[in-house]
Structures are given as C-alpha cells and as structure tokens.
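Notes follow once the structure below has been shown.
By convention in this document, chain letters (A, B, ...) are assigned in the order of the sequence lines, proteins followed by strands, and residues within each chain are numbered from 1.
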Amino acid sequence: MKKRLYLELENCIGCRSCLAACTQCGGHEERNRNYVYDVNPLVNRQTMPLMCLHCVNPACARSCPAQAIQIHETGAVLSALVEKCIGCQNCTIACPYGIPKFDTEQNLMYKCDLCIDRTKDGIPPMCASVCPSNTLQWLTDEEIEAKQKQFNLDNGKWVTSMPYLEGETNVRVNLPGILQGVTKLF
Amino acid sequence: MQRDKFFKEIENVRHPNETLVKTHCSYCGMQCGMNLRVNTKTNKIIGVEPRYDWPVTVGKMCPKGVTAYQQTNHDDRILKPLIRDDASLKGTKEGFREATWDEAYSLIAKKFGELQNKYGKDTLSVFSGVSMTNEKCYLTGKFARVAMQTRYIDYNGRFCMSSAAGGFLRSFGVDRGSTLPWTDLHETDCLFIAGSNTAECHPTSMFRVWAVQERGGYLIVADPRETPIARRADVHLDLRPGTDLALANGILNLLIQNGYADAEFVTNHTNGFEETKELVKEFTPEYTSEITGVAPEKIIRAAEIYGKAPNAVVMFARGIEQQHKGVDNVSAYTNMALVTGKIGRPKSGVATFTGQGNGQGGREHGQKSDLLPGYRKITNPKHVEEVCQVWGITPEEMPQPGVSAYEMFELMEQKTIRAMYLLCSNPAVSAPNLNFVRKAMKGLDFMVCADFYLSESAEFADVILPTVTWSEDEGTVTNLEGRIIKINKAQEPLGESKPDWQIQAELAEYLGRGKYFSHLKTARDVADEFRLASKGGYADYYGATWDKIDKQDGVFWPCKDEEDKGTPHMFLDKKFYHPDGKAKICALPYRPPAEEPDEDYPLRLTTGRVVYHYLSGNQTRRIQFLRDMCPEPYVEVHPETAAKYNIEHEEFVRLFTRRGEAEYKVKITEAIRKDTVFVPYHFGHDKSINLLTIAALDPMSRMPEFKACAAQIEKLELKKVQ
C-alpha cells in the first residue's frame, strides 16, 4: 500500500533527530538533507522541520538544464545524478522551499531522496522512523484521510488540502493548529 | 506483548556485508530500542537502524540515540591502561604513560594496601554510576565490600534518582520508578508532569504525550521555563524554582476541598489522610500563588482537570527531585494520586522519568552506601546474612553503611578517605559546589578512574583503566518503567579495553580476594550470581532470565521465579508494600529553598539538560553532530531581566553565586520566568555551572539542591566581539 510522508508541524520539539537520522540512510553519504528552524527563538521554543515536499511537478527538476534530477516511480524527487549534475545551482534557486543543498567541493547538488533505498520497499524514511514527537509520520492515504476528518480547523480548511503553496506535493503537511478542532474528553 | 496502536510490522533494511544487533541506547532511562549495524568483514559497528519492533519506542530515537554508535570506535577511546607518575600534574590531561594491565593492577594493589595498612580499611572509596548494566552495578557493590573491604561506596544516583527512590519508599513502601508501563501513557486522560523537560530529556516519550492531547485529554506541566512540552500544555504552572512542595500541597488542598478525594480508596488503602488534609488547608490558591508565583486561576484549573479526569498519571523528574526537599516533593505529588485513588489500575498512576540508562536497576542492587542486592538494607542483619551466603563471606566481614556521594568528597577533604576508585561517572562536572569537589579529588593520595574516555574526572587520576562502551559487552538494564531489558554485544572490545566486571574480578585477584571473584568469567556468570543475590529481596530479579527477557520484550520486576511473567502494573490488588499493605499519604510542611534570593544575589539559578547532551557530556560532547548543535553552555535570561542589566542577546556575562562563578553567552528568551536564569550543566572545566550550585542536601535522599540557588549577573563589556 502506498504510503506518504506526512508532517504535523505543531508536534515538533526541535530535537533535530530527523537531521541526525538523515545521515544514517545508506545513500546519504552521512550528510543530512533537511532543516529544522526555530520559529521565534527570542520568544518561545517553537520549532519546525523543513523537509523536501516531493512536488508532483518539481521546480528543481524543471529548472535543471542537465536533467540530473530524476523522479522515481514512487514520486520521490531524487538527488542529482553525479554523472549529470553540472553544478549550476539552478535548482537551489528554483525550489520555493530552499531544499537542495550544494557541495562546492564536489560541485554537486544533493537533496532529500525520501530515503529511496528504504521507501521503494515500503520501509519508512529514516527521519519519519526516528521522529520522537510524530511530527514526521509515514502513513497510508486512508490514514491521512482519517487525520483530515479528525482535525477541523477554525477556518474550515485543512491545510494539507488545496491550495498548495506551490503545486501538488507528494508529502502532506499539517500546519500548526491541529489541536484547534479537538473536542476535549471532559 | 503490550503492542499498541503505534506498533507497526516493519522490515529492517539490510545492507550487504552487514548484520544487525538488536540492543538499546546507551543513554537515558527510556532505553530506546535500536539495531546496531555491524560490518561483517571488519566486525566493527558502523551505524544504527531503527528497532521498529521494540514496543516502548517503536523505532524512535532522539539525536543522542541516533549517534550513540559513534562512541564505540571514536578516536578519543582509551586503548591501554594509563599511569601518571607525577602527582603534581593532577587536574590536567598531562603526564599519563601507557602501561600493561599487570603493571596497573599491581600499582593499584600496592597503593591500596599501603593506605589501608596505615589508615584502616575504610580509607578507600568507590564512586560509581548507573549508566551501566545491572551485572556491573551489582558486582561493583560486591567489589567495594568484598575486594576493597571498605564501607565507602556510593554512586551518581545521589545526583539523579535518590529523591524519587526516597519518596516512593515512603509513600508506597517500594521504589519502582513507574507504577505502570509506558504503553499506557497515551491512553490516559490527563498527564500532570512536574519538573520534567520531557521533550529534551526523554524525547521518545513525546509521541505518547501528544497523543493524549490529540484524543482530547489534558496536559498539565509545572516548570519555571516554558519548555517545548510546556509550550503546548493545557495549563502551564510556571512556578518559581524550588517551590514545588507548596504547589503540590495547594493542588491537593483543592482536590480535597472540591470533593475529588476517593473516600473508599483513602479509607481502605491509605494512612495519613486526616493529618495531611489539615496541613494542606493553609495552602489556598492565594497563599500557594504567593509562594510559587503561579496565578491562582491556573492552580485552580489544574486541580479541576486532574480531579475530573477518569484516568490520570502524575509524572515528575529532576526538576522536583534535585532539591533539598526532593523526597518531600515526590511524596507530595504522589499524594495527588493516593487521595484521588488514581493509582493501582491501568492508565493511572505515578511515574518518575529515570535519568540514567540504568538509574532504576543500578540503585537496587548494592551500589548505594546503605543497600545490598535486591534492595536489601545493610543495616538489617537478616538481609546481610542472605547476601553473605551468596558472596561467601561472614556477616562480620560485611562493612558498615557508608555515606552519600557528596559526603564522600567531604570525607576526602577531611582525609578520612584517601583513595578513590571511580567508574561510570564524572563528578568533576556533575557534582555540586565543584570548587570544593575538585579540590577534594586533587587532594587524594591515590585515585583510579575506569572510563572509556579521558573525562574531566580522569584528569585527577593516578591510574586510568580503559573500559568498554555499552556496545562491547552484554547484560541487563532496568528501564524507566521497571522493565528489565537486554543489552547485547555488537563488537569485541576496542584495543585492550575490558568491561568493568572483568576488571574488578581481575583486580580482586591482585587484592588477594580472588577466590570470591574467580568464578566470574563471563557477563552471564555475573548475571546468574546477581539474580541469586536479588532473590527474596523486594527488587527480586531471580525470574528475569535472559531468555525470558528476549521472549517477552523485557520483564517487569518483581519477577520471583521462572513461571512468573513479571509485574507491568504495580498495586493492581491495591496492596502497597508497607507492612499493613497501605500506602502513606504524607503531611509535608513547606520549606523554602536552602538559599533564597537577596539583595546581593537577586536571581534564582536553575540548571538542566539540552536535548543534544547527556549528563556531564563526557560522551556526547565528543560526537560531532551533537557538538555542532550545542557546542557550549549559555545562560537563558528573560528580556525584561536582561534589560535591567543592560545585556543583549549573545553578549557575555559573569554569572556568580556565593560558591563560584563562570562566564556565559546570554540567550534571551521569553520562555523563562523573569526572576530565574537557566544554564545547562553538560560542560567541563571553567564552563561548569556546578561551580556555582549549592550542596544543600535532602535530609533523606542526600540529593543536592541543583535546581535552585541565589545568583547574580554582571555584564562583561569586552567579550562581545568573540
């Protein structure tokens, strides 16, 4: 059954375990490929991960003059192919989320490939495997739909539904506010 | 067993030429399950893979856990015994030379012998720790009393779990850190969490905590800081450091006044209710607010939620325990569960977040100055008799009780103790009032340190013995639930390093006490003797065989025999461990912190952890990822307080108390009380916040008051450019 990365941003505790775990994926050369930000560090301890959303029509791939960024059949937008990447860094500018990273020594772009050597076999990516707060989850579409029913936001919208920030994404995101619609037990 | 909604069947990734060794993390009491990736050609640990089938943590790990494997083959490992001949270099890293094990053992035996001949048996001491297996903890207790023949043994649990132990013993008559398994937590209706920065110190509890709120349940957090868990709490009780006892009494008073007491439970299963009811009457919301600084309406709301909740769990950690009334704080928060009867059934109870990996098991089996295996008392002749039979000594040979961890340093300063065998601990960073402690260590005639890295404490040693990391030995630990689990060996010891049990068995031979240890050739040999030594004690591990642990995903103690499956939930029969079977509701008068702010020291200093480091940081500060994330300590200051001192974000200040001082970079945040400053305690040398902390000890647990003392800040004009 197809599963997706699903983000519940309100859960993030800023531990950056996802970044540490990213280095542990077999294909990642021990370099992490995502980000965790302090949202308002002088005020509170809210943090949020910024992960590649694996766009259905990814700007990074569209901008690549060398077709170095391939899209896997699972929908994962892969890291640049070493033999094709010309190091132009178009992708780092094109991505609306600022995801692709650039290795100046190797003259090579690298980015989240959704742990393709795991997810191609249905095994969760490292980040979602370890995330202690369930900010990052690996769910079926049915499970995501159940989440959508569970959380009714004040504004009547559930943020992972349309409109998308840029375009349709394979990763689904729930912005802060998941608890707004929860009915208290007593 | 205990597979819940978070459990999913997931295959692990297996890379070519790799094998996975299932085990647990080396760090905190969560003991997250993990698989170590071992290269089958080099037989070396090369990475980590989630352990999805561990029911408590289902593959989840914090950044410490993910990178824990990097300790094993780290460049900083000590690979051979080290001897330092020039004592004038004590307190530095300098002057060590490599030696053979035989030379090191011979020197230790010679020095120990000379000192004992001159000053008596008790001139030696053992300072231990609980970040190691039950087998090692058990043998260390035996090693001190049988091989070194000294009364002075104690351990770093005095800086960690001793107040929880004292409080639970008084309230329940038994000290098991959690009365229920962690797999219950997400199903409760209210979590009341006091003095626990859970998201940073026990991160893999968080998915269960958030699940309570997702179901419509409540989260109440008592903490002077708006920690990541407090940020999302339904009620954040933002109390002054060191005032927990007033808060707990205030909430208990409201629970009683508003009819939430369970009269049937109180009458049949507890003592002390009437007396406690009288005592807490004084703690009205207004009076409680005056002491704690928490708004009365928050106190009222918290009591109402906890009172109404069908099921609730009271949880706490070092925030309430590292006070000079830590034991009282534990019993006072435990009162909430006893008065309302929210204990002794699934999804309700009381738990402490155990700090160290084996903080639970390590305190039960004889490393404490007054305890013997199985939680037996060294002052109880029957208990001594039982243990002597296993050890093969006579009761007359059993040393007397010693003193607590911090008090050992006082005896070193007074020259009552002249030598120390230190293992599994780094008191030169983790003890309070460090100027005094470091001087006491420097003044020792002879000191041995067994460690796998050259810690700040090892800098005071004459001999360093290289030990193994957790991944190069096997044995059991007891996690924060009271679940006995198995640590497995993934790699052969690096260099000439050896596990502590082997070192102690071999050193016993040189000390002329080999006959009591020579049968212990493997970790399993130690395990078998240890299970027998605990048999009949109330922390009975006899039935917790390694096979059963493997089959059942761990065994909760007590587990008395081979048929016994263990005890996940405590007190289901409403029988507590006091002789009359009743729990004790405790009437506890409020006492302020030992040192209150005044004109010269107007701020309250509190200390704690960050998510990237563990205890003294001796391990985690060496891991690149963790060091990158948090390379140095800082002092958290509220912006209004900072404005008063005219200091800005990232400027440097001198922070000082009556005991010491240190310089820190300022981190401005609104997520802290205006009257409080916070510094993480993981750092060594002149960056240790424990240079400033106070050694006011709890009268029962001998826990120092790390969490509250009076401090002052001075702006450093010149250092901003750094």
Side-chain angles (χ1 to χ4, degrees), chain A residues 3 8 10-27 30 32 36 38-47 115 117-139 143 147 150-151 176 178-179 181-186, chain B residues 6 8 10-13 15 32 37 47-50 52 57 59-67 69 189-190 198-200 202-207 209-211 213-218 225-232 234 305 308-310 611-612 625-626 629 639 649 667-671:
Chain A
K3 291 192 175 189
E8 227 158 66
E10 184 70 5
N11 289 350
C12 184
I13 55 173
C15 72
R16 292 167 174 82
S17 203
C18 47
L19 302 188
C22 191
T23 66
Q24 286 299 300
C25 182
E30 302 193 359
N32 73 61
V36 175
D38 296 321
V39 175
N40 204 351
L42 300 185
V43 175
N44 63 29
R45 295 179 213 273
Q46 185 177 3
T47 51
C115 295
D117 65 345
R118 306 175 71 86
T119 51
K120 71 178 164 47
D121 300 323
I123 302 170
M126 283 301 291
C127 55
S129 294
V130 303
C131 177
S133 62
N134 268 352
T135 303
L136 309 173
Q137 303 181 41
W138 184 245
L139 302 179
E143 287 168 319
K147 291 265 184 195
Q150 186 183 349
F151 302 125
I178 53 162
L179 294 174
V182 173
T183 315
K184 284 290 187 186
L185 290 171
F186 54 90
Chain B
F6 297 109
K8 290 179 181 173
I10 298 170
E11 284 284 310
N12 279 113
V13 171
H15 299 281
C32 301
R37 291 163 52 200
V48 69
E49 166 72 18
Y52 299 109
T57 49
K60 296 177 178 303
M61 288 180 271
C62 79
K64 298 182 290 291
V66 171
T67 54
Y69 77 91
D189 306 312
C190 169
T198 317
E200 297 204 65
H202 299 86
T204 50
S205 292
M206 289 308 295
F207 67 101
V209 172
W210 290 161
Q213 284 188 311
E214 206 175 301
R215 275 179 40 249
Y218 290 87
R225 299 192 300 147
E226 194 194 73
T227 56
I229 187 175
R231 189 179 73 81
R232 237 181 82 169
D234 293 273
I305 293 170
K308 275 189 184 164
V611 68
Y612 307 109
F625 179 85
L626 303 174
M629 291 295 145
H649 189 58
K667 191 170 169 180
I668 304 271
T669 177
E670 287 177 25

Which atoms of Cys12(A) are under 4.5 Å from chain B, going by heavy atoms: the side chain, the backbone, both sets, or neither? backbone
Taking all non-hydrogen atoms of both residues, which atom of Arg45(A) and which atom of Glu226(B) are closest, and how far apart? NE-O, 2.8 Å
Chain B shares the most heavy-atom pairs under 4.5 Å, among Thr135(A), Val43(A), Leu19(A), Thr47(A), with Val43(A)
To the nearest 0.5 Å, atom CZ of Phe625(B) lies from atom CD of Glu30(A) at 12.5 Å
Given a strict heavy-atom distance threshold of 4.5 Å, which part of Asn12(B) is in contact with chain A: side chain, backbone, both, or neither? backbone
Can you see which heavy atom on Ile123(A) is nearest to which on Tyr52(B), and at what distance? CG2-OH, 4.0 Å
Considering only heavy atoms, which portion of Ile229(B) lies under 4.5 Å from any heavy atom of chain A: side chain, backbone, both, or neither? neither
Just verifying a value: how many Å separate Asn40(A) CG and Glu670(B) CD, rounded to the nearest 0.5 Å? 8.0 Å
To the nearest 0.5 Å, atom CG of Asp117(A) lies from atom NE2 of His15(B) at 6.0 Å
Kindly write out the residues that satisfy salt bridge (charged side-chain N to carboxylate O under 4.0 Å, His left out) with Glu49(B), not counting sequence neighbours, or none if the list is empty. Arg118(A)
Grab the two heavy atoms, one from Ser133(A) and one from Met206(B), that are nearest each other, plus how far apart they are. CA-CB, 4.2 Å
With heavy-atom distances below 4.5 Å as the criterion, would you say the side chains of Ile13(A) and Glu200(B) are in contact? no
Do the side chains of Met126(A) and Val66(B) get nearer than 4.5 Å, heavy atoms only? no
Would you say the side chain of Trp138(A) lies within less than 4.5 Å of the side chain of Ile10(B), judging by non-hydrogen atoms? no
Atom of Phe186(A), atom of Tyr218(B) and distance for their closest heavy-atom approach: O-OH, 2.6 Å
Using side-chain heavy atoms (C-beta onward) and a distance below 4.5 Å, is Met61(B) in contact with Gln24(A)? no
Which region of Arg215(B), side chain (C-beta onward) or backbone (N, CA, C, O), has a non-hydrogen atom less than 4.5 Å from a non-hydrogen atom of chain A, or is it both or neither? both
With chain A as the partner, which of Cys32(B), Gly47(B), Gly65(B), Pro203(B) has the greatest number of non-hydrogen pairs under 4.5 Å? Pro203(B)
Do Arg231(B) and Glu10(A) touch side chain to side chain, with heavy atoms closer than 4.5 Å? yes
For Thr204(B), is it the side chain, the backbone, both, or neither that has a heavy atom closer than 4.5 Å to a heavy atom of chain A? both
Tell me, for Pro124(A) versus chain B, whether the close heavy atoms (under 4.5 Å) come from the side chain, the backbone, both or neither. both
Sorted by chain and number, sequence neighbours left out, salt bridge (charged side-chain N to carboxylate O under 4.0 Å, His left out) with Lys8(B) holds for Glu143(A)
In this structure, CD of Glu11(B) is separated from CG of Asp121(A) (nearest 0.5 Å) by 10.0 Å
Show the nearest heavy-atom pair for residues Cys15(A) and Val611(B), with the distance to one decimal. CB-CG2, 3.7 Å
Can any side-chain N or O of Lys60(B) pair as donor or acceptor with the backbone N or O of Cys131(A) at less than 3.5 Å? yes
Where is the tightest heavy-atom contact between Ile668(B) and Leu42(A), given as atom of each residue plus distance? O-CD2, 3.4 Å
Specify which of Ala211(B), Pro310(B), Ala230(B), Gly59(B) makes the most heavy-atom pairs with chain A at under 4.5 Å. Gly59(B)
Answer with side chain, backbone, both or neither: which region of Thr183(A) has an atom nearer than 4.5 Å to a non-hydrogen atom of chain B? backbone
